[in-house]
Engineer: 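First the structure, then my questions, so here it is.
In this text the structure is predicted, and so the values were computed from the model without any measurement. Chain letters run A, B, ... following the sequence lines, proteins first, then strands; residues in each count from 1. These values consider heavy atoms only, across backbone and side chains, with no hydrogens, waters or symmetry-generated copies.
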Protein chains: 2
Amino acid sequence: MKRTGKKIFFDFISKNGLKRSRQRELILDAFLSTDRHMSIEELYLKLRARHPDIGYSTVYRTMRLLVESGIAREFHFGDGQTRFEHLPGGERNDHLVCTRCNAITQFENETIEKLQGEIAASHGFLIETHKLKLYGLCAGCRA
Amino acid sequence: MKRTGKKIFFDFISKNGLKRSRQRELILDAFLSTDRHMSIEELYLKLRARHPDIGYSTVYRTMRLLVESGIAREFHFGDGQTRFEHLPGGERNDHLVCTRCNAITQFENETIEKLQGEIAASHGFLIETHKLKLYGLCAGCRA
DNA sequence: CACATTATGATAACGATATTCATAATTAAA
DNA sequence: TTTAATTATGAATATCGTTATCATAATGTG
């Protein structure tokens, strides 16, 4: 159990009366072993290369569990597919999204977050989370 | 033609060899007469109350035209449904979204936008647009 | 007014996601 | 360790929002 993410997930599993399975571990590994924002289909194809017996539904179901357990987070970038990112290591809510090549870069900015808090407060609003996406052209695509 | 939005839309219609229709005008009116972020279904239900002969498909098609003509803009707030907002009067990219009652309030903040520009610049990124959503509890739901 | 064109509404198709169900795997108890 | 109860799986089907198809109706142009 080298990975923190794995520990969190399997703790979640046992805490909720669920069961460990080969598939869940494989899907978790596939998810943890990439830095990209993978969609279900991408994860499925990646997995199927080595494990042709894994079903599409299982990937869906397991990704839902990863979200519930708090180690993954859903993201929608507007292409109709749900994508997932790692959560441990702090929430990553802010992204630069290239409208040409779809490259996604994350950033964070304390000042912006502070301002968000002030804006919310002035509306009597209590922030749970936020999402900030800057759409445009990345350095590569501008060149 | 009292409304600016109407003029823009029907100019777009004739400029593109399309035709005016009773339905298009009704849908446009329904859209213009609300401040909320309406989904297709909500618009359809609102319309059907007075005009039971309007079809679902026509609402979809017309909303696409409103977006193309530049007077409406799509938004996704994570509930799986596309919602539309008025465009004239400046882009509105920043929202407070209540996770309990789904109320949506817009805001804008120059300082945040300036910081966005700086962040993008430091990545060699050219911003075309942005979306900022603060999720949490609105004043009403906190009480 | 005629005719060519576009719009309509109903229905079917669609893609992403969710659910069903019979079978298989896992865990807890004995 | 075998059993028994429970949960997980994969395949197929259903669902939801959205889009396309198609025959008919409305529009607008000459």
Engineer: Do B:Ser33 and B:Lys46 get their side chains close enough for a donor-acceptor pair, meaning under 3.5 Å?
Structural biologist: yes
Engineer: First and last nucleotide of DNA chain C in contact with chain B, 5' to 3', at under 4.0 Å to a heavy atom: what are they?
Structural biologist: C:dT5 to C:dT11
Engineer: List for me each residue that meets side-chain contact (heavy atoms from CB on, under 4.5 Å) alongside B:Phe107, sequence neighbours excluded, and say none if there are none.
Structural biologist: A:Ile119, A:His123, B:Asp94, B:Leu96, B:Leu132, B:Leu134
Engineer: Compare all side-chain heavy atoms of A:Glu41 with those of A:Gln81 and state whether any distance is below 4.5 angstrom.
Structural biologist: yes
Engineer: Using a strict heavy-atom distance below 4.0 Å, which residues from residues 45-65 of chain A are in contact with DNA chain D?
Structural biologist: A:Asp53, A:Ile54, A:Gly55, A:Ser57, A:Thr58, A:Arg61
Engineer: More than 12 foreign heavy atoms under 6.0 Å from CD of B:Glu118: is that the case here?
Structural biologist: yes
Engineer: A:Arg36 vs A:Glu85, test: side chain to side chain contact (heavy atoms under 4.5 Å, CB included). Steps then yes/no.
Structural biologist: CA-CA 7 Å; A:Arg36 299 201 36 246; A:Glu85 71 175 9; over 6 Å; no
Engineer: Mind checking if B:Ser39 touches a base, just sugar-phosphate, or nothing, with heavy atoms under 4.0 Å?
Structural biologist: nothing
Engineer: Grab the two heavy atoms, one from B:Ile127 and one from B:Ala120, that are nearest each other, plus how far apart they are.
Structural biologist: CG1-CB, 3.5 Å
Engineer: If you find the nucleotide of DNA chain C closest to B:Ile27 and the one closest to A:Ile40, which residue's nucleotide is nearer the 5' end?
Structural biologist: B:Ile27
Engineer: Mind checking what makes side-chain contact (heavy atoms from CB on, under 4.5 Å) contact with A:Gln23, not counting sequence neighbours?
Structural biologist: A:Ser21, A:Ile54, A:Thr58
Engineer: Taking CD from B:Gln81 and C1' from D:dT19, how many angstroms apart are they, rounded to a whole number?
Structural biologist: 16 Å
Engineer: Look for any protein N or O under 3.5 Å of an N or O in nucleotides 25-29 of chain D and output each such pair with its distance, or none.
Structural biologist:
residue	atom	partner	partner atom	Å
D:dT27	O2	B:Lys19	NZ	2.9
D:dG28	OP1	B:Arg20	N	3.3

Engineer: Could you tell me which residues satisfy side-chain contact (heavy atoms from CB on, under 4.5 Å) with A:Ser69, sequence neighbours excluded, listed by chain and number?
Structural biologist: A:Phe9, A:Phe12, A:Ile71
Engineer: So A:His95 and A:His37, would you call those rings parallel, tilted or perpendicular, with 30° and 60° as cut-offs?
Structural biologist: perpendicular
Engineer: So how far is it from B:Phe84 CZ to B:Phe31 CZ, rounded to the nearest 0.5 Å?
Structural biologist: 8.0 Å
